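Just so you know, these numbers come straight off a predicted model, no measurement behind them. Letters A, B, ... are given to chains in the order of the sequence lines, protein chains preceding strands, and every chain is numbered from 1. Just so you know, these numbers use all the heavy atoms, side chains as well, and skip hydrogens, waters and symmetry mates.
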Amino acid sequence: MTEDRLPSRAEDFSEWYNQVVLRAELADYAPVRGCMVVRPYGWALWENIQAALDKRFKATGHVNAGFPMFIPKSFFEKEKEHVEGFSPELAVVTIGGGEELEEPLAIRPTSETIIGHMYAKWVKSYRDLPILINLWNSVVRWEKRTKLFLRTTEFYWQEGHTAHATAAEAEEETRRMLDIYTDFAVNEAAIPVIPGEKSESEKFAGAVITYAIEAMMGDCKALQSATSHYLGQNFAKAFNIQYLDVQNNQQFAWTTSWGLSTRMIGAIIMVHGDDTGLILPPHLAPIQAVIVPIWKKEEEKTAVCEKAGQIADELQKTLRIKVDLREGVTPGFKFNDWEMRGVPLRIEIGPRDLAASSVTLSRRDRPGREGKTTAAWEGLAQTCQRTLEEIQQSLLERATQFRKDHTSDPTTYEEFRTAVEKGFALSWWCGGSACETKIKEDTKATTRCIPFEQPGGTGRCIVCGMEASKKAYFGKAY
RNA sequence: CGGGGUGUAGCGCAGUUGGCAGCGCACUGCGUUUGGGACGCAGGAGUCGGCGGUUCAAGUCCGCCCACCCCGACCA
């Protein structure tokens, strides 16, 4: 069955990605253009992402709420930049119950406007602030070109919306949430990210400042993995979110919004996956270890399956475990199958292991025989736990090294042009949009972000040679 | 929205000069297998993307439409 092999990442990364998504059963194409069905395995992964984030949101005082998906279309005309940014990709409902609606309803592409409307209603006094609400929902943006998880017409995400009494507090919130995303990406998804500020041209429509975390995918392209926006008073003024301060003066509130979407699943696939399929970070994997029983004779089957069941019961107490009892497919088939699905650890148990009171462990991040070790039944839960932690760490290290190997610091514009073909370039940039545009026209690379971490001092802009106080990351992006 | 491509069984494809709708994989049943993608036998499965035209006869020729994929401009 040679046709069952994936295209290699080197020969066709895009096709490799599509096939991994479909074959690992993360998602499938829906009958509507650009829409996807998230299948149970993909949704389980999303649930683990949700749990890890939700825990962090709650710990920082946020609460969840539900807002409607229909928003009066006129709301989108209230904030100038926001209209320009979102009008082209709005889906609008004009008929309801068989009758033409008096006012068309936009299907939310993001909820700043309806949040603004409601917050205006709820906020009267400084005592009502801050409001720290998060929404887990889906949004619709009419995208021209779509790709499973990375850019679909409808996608699932969380959007946080907060309102504060002071600019400082709102700015602090914006940074706090970006820190949470960074922590999540690094420690749960094992994806090294670059936190930083977006350039004027790349920022969210209606924001004063947009922060983002940028990650490098396995094909060296950049993926914006989460964003956090400081909205200043733009939406407060557009929707009249006003409160009386301690001195009894009317003030406009300061708002923020921040989001992370199912695009993160795409990032996990593209950062960690290899030519045999998906590799999931243990912290987020729906199945952390799969037990594959192996037998030849009937009596072996009974003994092996019984032991496999015992081990599963024991490990289930601390780990997410699956026993693969399918008959009629060979162990070799199962190995490949679970490797495609990215299960980080495989526990093989057969007659040989029974005789030795042990199991064979196989690490997904180390293919073939070298990833196999023997582990005693005694203390197996701890062994697995430790191995999973090692895998989690090694995935992060591998990805960090990869990014390092594909990030350069070119000294001339000529070098720069070559550099962005091979990965990220970290270069001095004057901040001028003319230079940014020139880069984009010449190389198709864009400013990914101006990282918080700066070398200090000044340098010469890689394009115009003018004095620059900051370095920026440049690269081709999804 | 421009350029290119593809629509035939769940998936991948073949189908000659217009003449009974086919192959591989997957699926179902039975048997033998099972430590890195097993094999045999027997089955089920089709509005040939849609509509119209030419013809005794269209998967095949002609026209229109639709969908999807790939490449470019816009985006979490």
- Walking RNA chain B from its 5' end, the first of A:K444 and A:G368 to be reached, judged by nearest nucleotide, is A:G368
- Item | Separation between the P atoms of B:rG36 and B:rG19, rounded to whole Å | 50 Å
Just distance, no hydrogens or angles: give the donor-acceptor pairs under 3.5 Å from side chains in residues 296-305 of chain A, sequence neighbours left out.
unit_1 : atom_1 : unit_2 : atom_2 : d
A:E300 : OE1    : A:K296 : N      : 2.8
A:E300 : OE1    : A:K297 : N      : 2.9
A:K301 : NZ     : A:E327 : OE1    : 3.3
A:K301 : NZ     : A:E327 : OE2    : 2.8
A:T302 : OG1    : A:E298 : O      : 3.1

- In terms of side-chain heavy atoms, does A:S8 have a donor or acceptor partner in A:E11 at a distance below 3.5 Å? yes
- Message: By nearest heavy atom, map A:K372 and A:K147 onto RNA chain B; which one lands nearer the 5' end?
- Response: A:K372
- Item | Separation of atom CZ in A:F13 from atom C1' in B:rC70, rounded to whole Å | 17 Å
- Item | Counterpart base for B:rC41, defined by Watson-Crick or G-U wobble contacts under 3.5 Å | B:rG29
- Task: Using the C1' atoms only, state how far B:rG7 lies from B:rG12, rounded to an integer number of Å.
- Result: 13 Å
Pairs of donor and acceptor atoms involving the side chains of residues 37-52 of chain A, under 3.5 Å and at least two apart or interchain, shall be tabulated with distances.
unit_1 : atom_1 : unit_2 : atom_2 : d
A:Y41  : OH     : A:R341 : O      : 2.7
A:N48  : ND2    : A:L284 : O      : 2.9

- Message: Pairing donors with acceptors under 3.5 angstrom, does anything connect the side chains of A:R448 and A:T446?
- Response: yes
- Note on the structure: Within residues 341-357 of chain A, the residues having a heavy atom closer than 4.0 Å to RNA chain B are A:R346, A:E348, A:G350, A:P351, A:R352, A:D353
- P atoms of B:rA73 and B:rC61, separation to the nearest Å: 36 Å
- Item | Test side-chain hydrogen bond (donor to acceptor under 3.5 Å, both in side chains) applied to A:S138 - qualifying residues, sequence neighbours left out | A:E154
- Task: Apply side-chain hydrogen bond (donor to acceptor under 3.5 Å, both in side chains) to A:R326 and list each qualifying residue two or more places apart in sequence or on a separate chain.
- Result: A:D324, A:D337
- Message: When the C1' atoms of B:rU60 and B:rG4 are compared, how many Å lie between them, rounded to an integer?
- Response: 24 Å
- Item | Strand-adjacent residues in residues 267-303 of chain A, judged by heavy atoms under 4.0 Å from RNA chain B | A:I294, A:W295, A:K296
- When the C1' atoms of B:rA58 and B:rC74 are considered, how many whole Å apart are they? 43 Å
- ring-ring contact (aromatic ring centres under 6.0 Å, His included) involving A:W157 - partner list, sequence neighbours excluded: A:F155
- Task: Rounded off to whole Å, could you give me the CZ-to-C1' distance for the A:R326 and B:rA26 pair?
- Result: 14 Å
- Item | Nearest-Å distance for atom pair CG/P, residues A:L22 and B:rC69 | 11 Å
- Query: Going by distance alone, is a donor N or O of one side chain under 3.5 Å from an acceptor N or O of the other, for A:S111 and A:E159?
  - Reply: yes
- Message: Measure NZ/A:K334 against P/B:rG35 and give the value in whole Å, please.
- Response: 10 Å
- Would you mind pulling out the nucleotide paired to B:rU17, Watson-Crick or G-U wobble, both distances under 3.5 Å? none
- Residue pairs passing the ring pair (Phe, Tyr, Trp, His ring centres under 6.0 Å) test where at least one lies in residues 192-220 of chain A, sequence neighbours excluded: A:H82-A:F204, A:F86-A:F204, A:F204-A:H229, A:Y211-A:F452
- Query: Taking only residues two or more places apart in sequence, or in another chain, which ones meet A:F402 in a ring-ring contact (aromatic ring centres under 6.0 Å, His included)?
  - Reply: A:H406
- Touch check for A:E327, heavy atoms < 4.0 angstrom, all strands: base, sugar-phosphate only, or nothing? nothing
- Message: Once you apply a heavy-atom cut-off of 4.0 Å, does A:T360 come out as touching a base, just sugar-phosphate, or nothing?
- Response: base
List every contact pair, protein side and nucleotides 5-10 of chain B side both N or O, where the distance is under 3.5 Å.
none

- Write down the distance separating the P atoms in B:rU28 and B:rG15, rounded off to the nearest Å. 31 Å
- Please state whether the phosphate of B:rC70, meaning OP1 or OP2, lies under 4.0 angstrom from any side-chain nitrogen or oxygen of A:N18. yes
- Note on the structure: From CG of A:D324 across to P of B:rG36 the rounded distance in Å is 15 Å
Quick one: which protein N/O atoms are closer than 3.5 Å to N/O atoms of nucleotides 74-76 of chain B? Pair and distance per line, please.
unit_1 : atom_1 : unit_2 : atom_2 : d
B:rC75 : O2'    : A:E143 : OE2    : 3.3
B:rC75 : O2     : A:R151 : NE     : 2.3
B:rC75 : N3     : A:R151 : NE     : 3.1
B:rC75 : N3     : A:R151 : NH2    : 3.2
B:rA76 : O3'    : A:Q224 : NE2    : 2.8
B:rA76 : O2'    : A:R263 : NE     : 3.0
B:rA76 : O2'    : A:R263 : NH1    : 2.2
B:rA76 : O2'    : A:R263 : NH2    : 3.4
B:rA76 : N6     : A:T152 : N      : 3.0
B:rA76 : N6     : A:T152 : O      : 2.7
B:rA76 : N3     : A:S261 : OG     : 3.2

- Task: Please report, rounded to the nearest Å, how far the P atom of B:rU34 is from the CG atom of A:L325.
- Result: 18 Å
- Task: Rounded to the nearest angstrom, tell me the gap between atom CG in A:N336 and atom P in B:rA26.
- Result: 14 Å
- Message: Would A:K322 and A:W338 count as a cation-pi pair here, with the cationic atom under 6.0 angstrom from the ring centre and within 45° of the axis?
- Response: no
- Message: When the C1' atoms of B:rG49 and B:rU17 are compared, how many Å lie between them, rounded to an integer?
- Response: 26 Å
- Query: Taking only N and O in the side chain of A:T330, is any of them less than 4.0 Å away from OP1 or OP2 of B:rG37?
  - Reply: no
- Message: If we count only N and O atoms by modelled type, under 3.5 Å, do the side chains of A:N134 and A:K58 hold a donor and an acceptor together?
- Response: no
- Who does B:rC74 pair with, Watson-Crick or G-U, both distances under 3.5 Å? none
- Verify whether one side chain among A:E15 and A:Q19 offers a donor that lies under 3.5 Å from an acceptor in the other. yes
- Rounded distance (Å) that lies between atom P of B:rC69 and atom CG of A:D12: 15 Å
- Message: For the residue pair A:S433 / A:E200, report whether a side-chain donor-acceptor contact shorter than 3.5 Å exists.
- Response: no
- Query: In the strands shown, is B:rC68 matched to any nucleotide by a Watson-Crick or G-U wobble pair with both distances under 3.5 Å, and which?
  - Reply: B:rG5
- Task: Could you measure between the two C1' atoms, the one in B:rC66 and the one in B:rG52, and give it in whole Å?
- Result: 14 Å
- Message: Whether A:R346 engages the ring of A:F335 as a cation-pi pair (distance to the six-membered ring centre under 6.0 angstrom, angle to the ring normal within 45°) should be assessed.
- Response: yes
- Query: A:S257: what forms a side-chain hydrogen bond (donor to acceptor under 3.5 Å, both in side chains) with it, not counting sequence neighbours?
  - Reply: A:E112
